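Naming: A, B, ... by sequence-line order, numbering from 1 per chain. Since this is a predicted model, take the numbers as computed values, not measurements.
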Amino acid sequence: MPSFQSLPGFREFYPDALARRNHLFRVWRQTARAFGFQEYDAPVLEPLDLYRAKSGDEIETQLFSFIDKGGREVALRPEMTPTVCRLVGEKASTLKRPIKWFSIAEFFRYERMQKGRGRCFHQFNADLFGESGPEAETELIALLIQCLRAFGLTEQDFFVRLSDRNLWFYYLEALGLDKLRAQAVLGAVDKFEKLGDDAFKTYAGQFGPLDASLKDKVLAFLEIKSLAALEATLTALGGEKLAARLADWKKLLGHLTAMGLADYVQVDLGVVRGLAYYTGFVFEAFDRKGELRAIAGGGRYDDLVEKLGGPALPAVGFAIGDMTFALLLEQRGLTPALVSAPEVYCVIGGEAERRAAFSDIHTLRAAGFAVDYPLKELAFGKQFKAAAESGARLALIYGGDELAKGVVKIRDLTARTEHEVPRADILAAVRDTLTGERT
RNA sequence: GCGGUCAUAGCUCAGUUGGUUAGAGCACAAGAUUGUGAAUCUUGGGGUCGCGGGUUCGAGUCCCGUUGGCCGCCCCA
């Protein structure tokens with residue numbers, strides 16, 4: 001046993017694990033670019049106050065925070081939202097709208113480890129600033145869905161639950177509840193799925209038992225699973241705010257349907273997301289089997305940029321965590337068998353042949369091909385075995401017979417065929433075989 | 001922060017009521033094998049049995065503590 005262990009909850013990525021992680025990041029990055037999002041990055045270490053300002057003092061117990069040598073209170077970032085709000089807020093007047101940004105970054109939270117949760121993890125974050133209409137949600141929800149679909153996940157595997165905090169407040173207001181009571185009811189709604197009726201205990205403690213008919217109406221609202229049902233309920237109540245909100249819902253779902261994504265989106269007002277800073281649509285992605293914690297979550301936070309010292313700027317964003325997502329891919333057998341294999345493996349006779357081979361090896365490597373060879377002289381049989389195990393597509397055979405003829409034998413390790421090419425043509429020959437197969 | 005459970009080789013594990021020098025498979029390395037692919041055979045390197053203390057003539061085994069993993073609760077930005 002080594003004397004030094006990694007810290008609890010921290011992960012080490014051996015090459016095969018890193019290859020899988022890189023694959024996730026590569027696909028996310030490519031997808032975000034396809035949606036016109038630009039990548040940014042920012043410091044891992046931030047002033048502690050940035051998180052206090054957003055989430056309150058109690059957040060500190062869940063942070064990796066300390067005092068640096070300059071006496072500053074600092075914390076490893078537990079999320080990207082405050083940081084990106086600051087970045088955008090500082091340059092808001094000069095950035096072209098809409099501002100569509102994404103990042104792939106590592107985060108740290110001082111928490112107890114659990115399935116799908118550790119003390120360090122990565123998130124894909126995407127945010128859209130400067131658009132207050134549901135067009136912003138359309139882009140983000142579509143991006144979220146595509147970020148999962150790109151791995152082969154389908155509507156059989158996951159879905160996005162869509163809810164709306166504004167709608168809840170307008171609804172509860174229409175039912176005659178004031179703001180404080182409405183917030184308490186929303187807190188109960190947030191916990192209702194897990195606790196059932198007990199979720200309303202906190203409300204009862206604060207304001208007395210919730211009127212039975214009101215509670216029925218709240219629970220009925222939770223039952224709504226379609227736009228049609230939502231429309232029926234809202235039109236019955238009437239009122240301008242609800243009508244305007246309904247129009248937003250229609251637009252958002254209409255656009256997502258036009259994109260062919262309707263089957264991925266479920267109207268579900270049970271999603272509230274406890275965070276106080278969400279101001280409109282909120283959404284979370286779950287696996288259909290319901291075995292895992294949320295895969296992704298996000299929503300609109302129109303007040304946060306201003307709260308963190310920037311100008312008033314509407315915003316919508318979401319994040320996908322890598323741990324639960326990797327579990328889902330694994331469960332569905334969609335983790336690609338990625339090996340960091342060379343493209344070409346050289347089989348080399350002896351020291352004399354090695355000199356000739358080295359010249360070609362370097363030429364091929366300089367041209368960008370992944371080329372490997374045995375560091376020390378080995379029997380041919382072992383070299384062919386090593387070539388096969390390396391995962392290379394091609395073996396180049398530098399034997400005395402070939403070099404005497406001025407050729408190199410190219411063996412296709414998959415097809416188990418081989419042919420000779422003049423040494424001078426080796427780069428072109430390799431390129432011809434491998435081009436089009438590389439990603 | 002709380003509870004349950006586990007810890008023996010790189011991996012999966014065996015190890016009897018406490019008893020000689022702690023084992024197997026896989027993996028890794030060398031050889032059989034100096035020109036063609038996951039085979040076979042032989043051999044080898046690898047362990048302070050998580051760590052610390054206790055009981056005992058004797059502890060991988062029993063007891064206590066501790067660290068760490070896994071699972072759940074709280075929380076989940």
If I pick the [atom1] atom on [M] and the same atom on [N], what distance separates them, to the nearest angstrom?
{"N": "B:G65", "M": "B:G58", "atom1": "C1'", "result": "23 Å"}
{"N": "B:A77", "M": "B:G72", "atom1": "C1'", "result": "22 Å"}
{"N": "B:C57", "M": "B:U48", "atom1": "P", "result": "29 Å"}
{"N": "B:A7", "M": "B:G52", "atom1": "C1'", "result": "15 Å"}
{"N": "B:G10", "M": "B:A27", "atom1": "C1'", "result": "7 Å"}
{"N": "B:G23", "M": "B:C76", "atom1": "C1'", "result": "45 Å"}
{"N": "B:C63", "M": "B:C2", "atom1": "C1'", "result": "25 Å"}
{"N": "B:G45", "M": "B:G1", "atom1": "P", "result": "45 Å"}

What's the [atom1]-[atom2] distance between [X] and [N], to the nearest Å?
{"X": "A:Glu353", "N": "B:U34", "atom1": "CD", "atom2": "C1'", "result": "11 Å"}
{"X": "A:Arg300", "N": "B:A77", "atom1": "CZ", "atom2": "C1'", "result": "19 Å"}
{"X": "A:Glu12", "N": "B:G10", "atom1": "CD", "atom2": "P", "result": "15 Å"}
{"X": "A:Phe121", "N": "B:A77", "atom1": "CZ", "atom2": "P", "result": "10 Å"}
{"X": "A:Leu378", "N": "B:G35", "atom1": "CG", "atom2": "P", "result": "12 Å"}
{"X": "A:Met323", "N": "B:C76", "atom1": "CE", "atom2": "P", "result": "18 Å"}
{"X": "A:Arg109", "N": "B:C76", "atom1": "CZ", "atom2": "P", "result": "10 Å"}
{"X": "A:Glu111", "N": "B:A77", "atom1": "CD", "atom2": "P", "result": "9 Å"}

Inset, instruction - At under 4.0 Å between heavy atoms, which parts of nucleotides 68-74 of chain B does protein reach? Answer with one letter per nucleotide, 5' to 3': B base, S sugar-phosphate only, - none. - result: SSSSSBB
Inset, instruction - Identify the two heavy atoms, one from A:Leu222 and one from A:Gly270, that lie closest to each other, and give their separation to 0.1 Å. - result: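 Shortest heavy-atom contact: CD2-CA, 3.3 Å.
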Counting neighbours of [atom1] on [X] that are heavy atoms of other residues, nucleotides or ligands and sit closer than 6.0 Å, is the number greater than 12?
{"X": "A:Lys215", "atom1": "NZ", "result": "yes"}
{"X": "A:Arg365", "atom1": "CZ", "result": "yes"}
{"X": "A:Arg288", "atom1": "CZ", "result": "yes"}
{"X": "A:Lys201", "atom1": "NZ", "result": "no"}

Inset, instruction - Applying salt bridge (charged side-chain N to carboxylate O under 4.0 Å, His left out), name anything that partners A:Asp372, two or more places apart in sequence or on another chain. - result: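 Not a single residue meets the salt bridge (charged side-chain N to carboxylate O under 4.0 Å, His left out) criterion with A:Asp372.
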Name the atoms and distances for all side-chain donor-acceptor pairs under 3.5 Å in residues 43-50 of chain A, with sequence neighbours left out.
| from | atom 1 | to | atom 2 | distance (Å) |
| --- | --- | --- | --- | --- |
| A:Glu46 | OE1 | A:Arg86 | NH1 | 2.5 |
| A:Glu46 | OE1 | A:Arg86 | NH2 | 3.3 |
| A:Glu46 | OE2 | A:Thr83 | OG1 | 3.0 |
| A:Glu46 | OE2 | A:Arg86 | NH1 | 3.4 |
| A:Glu46 | OE2 | A:Arg86 | NH2 | 2.9 |
| A:Asp49 | OD1 | A:Arg52 | NH1 | 2.6 |

Inset, instruction - Would you please enumerate the stems RNA chain B participates in, each stem being three or more consecutive Watson-Crick or G-U wobble pairs with both distances under 3.5 Å? - result: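 Stems for RNA chain B, defined as runs of 3 or more consecutive pairs: B:1-7 with B:67-73, B:10-13 with B:23-26, B:28-32 with B:40-44, B:50-54 with B:62-66.
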Inset, instruction - Please say whether the positively charged group of A:Lys307, taken as NZ for Lys or CZ for Arg, lies over the ring of A:Tyr277, i.e. under 6.0 angstrom from the six-membered ring centre and within 45 degrees of the axis. - result: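 Checked: cation-pi criterion not met.
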Would you tabulate the side-chain donor-acceptor contacts of residues 30-39 of chain A under 3.5 Å, counting partners in other chains and residues two or more places apart, or write 'none'?
| from | atom 1 | to | atom 2 | distance (Å) |
| --- | --- | --- | --- | --- |
| A:Thr31 | OG1 | A:Val27 | O | 2.7 |
| A:Glu39 | OE1 | A:Arg29 | NE | 2.9 |
| A:Glu39 | OE2 | A:Arg29 | NE | 3.2 |
| A:Glu39 | OE2 | A:Arg29 | NH2 | 2.8 |

Legend entry - Ion pair check, A:Arg21 and A:Asp322, cut-off under 4.0 Å: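 Between A:Asp322 and A:Arg21 there is no salt bridge, as every charged N stays at least 4.0 Å from the carboxylate O atoms.
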N/O contacts under 3.5 Å, protein versus nucleotides 36-39 of chain B?
| from | atom 1 | to | atom 2 | distance (Å) |
| --- | --- | --- | --- | --- |
| B:U36 | O2 | A:Arg411 | NE | 3.3 |
| B:U36 | O2 | A:Arg411 | NH1 | 3.3 |
| B:U36 | N3 | A:Glu418 | OE1 | 3.1 |
| B:U36 | N3 | A:Glu418 | OE2 | 3.3 |
| B:U36 | O4 | A:Lys409 | NZ | 2.9 |
| B:U36 | O4 | A:Glu418 | OE2 | 3.1 |
| B:G37 | O2' | A:Arg416 | NH2 | 3.4 |
| B:G37 | N7 | A:Arg411 | NE | 3.3 |
| B:G37 | N7 | A:Arg411 | NH2 | 3.0 |
| B:G37 | O6 | A:Arg411 | NE | 2.4 |
| B:G37 | O6 | A:Arg411 | NH2 | 2.9 |
| B:G37 | N1 | A:Leu413 | O | 2.7 |
| B:G37 | N2 | A:Leu413 | O | 3.0 |

Inset, instruction - Name the nucleic acid region contacted by A:Gly350, choosing base, sugar-phosphate or nothing; use a 4.0 angstrom heavy-atom cut-off, strictly under. - result: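 It contacts nothing in the nucleic acid.
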Inset, instruction - Report which part of the nucleic acid A:Glu377 touches: base, sugar-phosphate, or nothing (heavy-atom distance under 4.0 Å, all strands). - result: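 No contact at all - A:Glu377 keeps every heavy atom at 4.0 Å or more from the nucleic acid.
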Looking at residues at least two apart in the chain, or sitting in another chain, which of them share a ring pair (Phe, Tyr, Trp, His ring centres under 6.0 Å) with [X]?
{"X": "A:His122", "answer": "A:Phe25"}
{"X": "A:Phe158", "answer": "A:Tyr264"}
{"X": "A:Tyr171", "answer": "A:Phe221"}

Legend entry - Pairs flagged by ring pair (Phe, Tyr, Trp, His ring centres under 6.0 Å) wherever residues 279-305 of chain A is involved - sequence neighbours left out: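 Applying ring pair (Phe, Tyr, Trp, His ring centres under 6.0 Å) to every pair that reaches into residues 279-305 of chain A, excluding sequence neighbours, yields A:Trp249-A:Phe281.
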Legend entry - All pairs passing ring pair (Phe, Tyr, Trp, His ring centres under 6.0 Å) where residues 50-79 of chain A contributes a residue, at least two apart: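 Only A:Phe10-A:Phe64, A:Phe64-A:Tyr110 qualify under ring pair (Phe, Tyr, Trp, His ring centres under 6.0 Å).
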Legend entry - For RNA chain B, the residues among residues 279-287 of chain A that have a non-hydrogen atom under 4.0 Å from it: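 Those residues: none at all.
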